[in-house]
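Indexing begins at 1, ligand by ligand and atom by atom, following the structure's order.
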Amino acid sequence: MNRHLLSVDDLERDDIERILGRAESFAEVSGREIKKVPTLRGRTVINLFYEASTRTSSSFEIAAKRLSADLVTVKAQGSSVDKGESLKDTVQTLTAYDPAAIVFRSPNAGAAGLVARWTSASVVNAGDGKHEHPTQALLDLYTLRRRAGHLEGLKVWIVGDVLHSRVARSNILAFGRMGCHVTVCGPPTLIPRGVESLGCDVRYDLDDLGDADVVYALRMQRERMTGSFVPSLREYASRYQIDGRRLGSAQLLMHPGPVNRGVELAAEVIDSPQALITNQVESGVVVRMAVLYELLAGGQGSPISAPDNETTEPQPA
Ligand code: ASP
């Protein structure tokens, strides 16, 4: 595997299998009273976030701490970015601390790739504009495999604002790589032209939603919409909202969060037993532990379960 994780394209199927297996072994650590292993003791992880985040930033923080790394979190707001410092200068400044990894979020597509050129640290793309969010895709695979028992052959419908969604792009690639059949569905204005080339089918209505094993709803990304893509949110909801009528009792429901209640999802499905939304959040910690482990301490060909002295001998710190 690459030194950086910028895109799902950086991962072969074997890499994904290894990360999911590793996450399973870290789930055991998360079940203990002292949820800590010494794997990254003495290494520094910097979380550099230029865009709002709750789940991704908190789960990376918890993951780095559970691996005993020294963690520094820098949010653009309140940092020297407010004083006009450029991204390159900020990255070079932080690189002076010799971090092992920089976990980076940005509103700009491709920005994580730039950071990777300016630092000696491993860079993890924690979401760059509408480009990619590879660790979200990995935690979704992990969550779904745990619930469904397998991934191969599952029919996954990704519904909603595909155009502005980095999650959609990463997940089309990741689900496809693991043998799922992916269909994207939404209003024509919110489906990017040529998306089929990523390996998915396209639908513009929910008529055949019943075929899906998994319904993966996306948030309407209003902060990235510069024009008017749907006549109104009410109109959107009436045609595309996943509600108790549209979601079959055997179908699983996923959403990356944050949810716009009453827009892409109705309250009754968010709180239904089919919803994996909370499981997705929970998986974020172990999957991000596995990604940091893979980049900083693992490497190709390493065994799936973490070495004994790392998972069975927790070191309180
Ligand atoms: N939390 C996800 C992301 O950062 C999904 C979303 O914001 O809608 O891309």
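Each of R105, K75, E51 was compared with S57 under the side-chain contact (heavy atoms from CB on, under 4.5 Å) criterion, and only K75 meets it. When each of D89, T95, T93 is checked for a side-chain contact (heavy atoms from CB on, under 4.5 Å) with V91, only T95 meets the rule.
Ring pair F229/H164: centre-to-centre distance below 6.0 Å.
Applying the ring-ring contact (aromatic ring centres under 6.0 Å, His included) test to pairs two or more places apart or on separate chains, none has a residue in residues 111-159.
Looking at T90, its side chain does come within 3.5 Å of a backbone N or O of S86 through a donor-acceptor pair. Without hydrogens or angle criteria, N47 side chain to T73 main chain gives no donor-acceptor distance under 3.5 Å.
Residues with a heavy atom under 4.0 Å from ligand 1: R105, H133, R166, V167, R219, Q221, P256, G257, P258.
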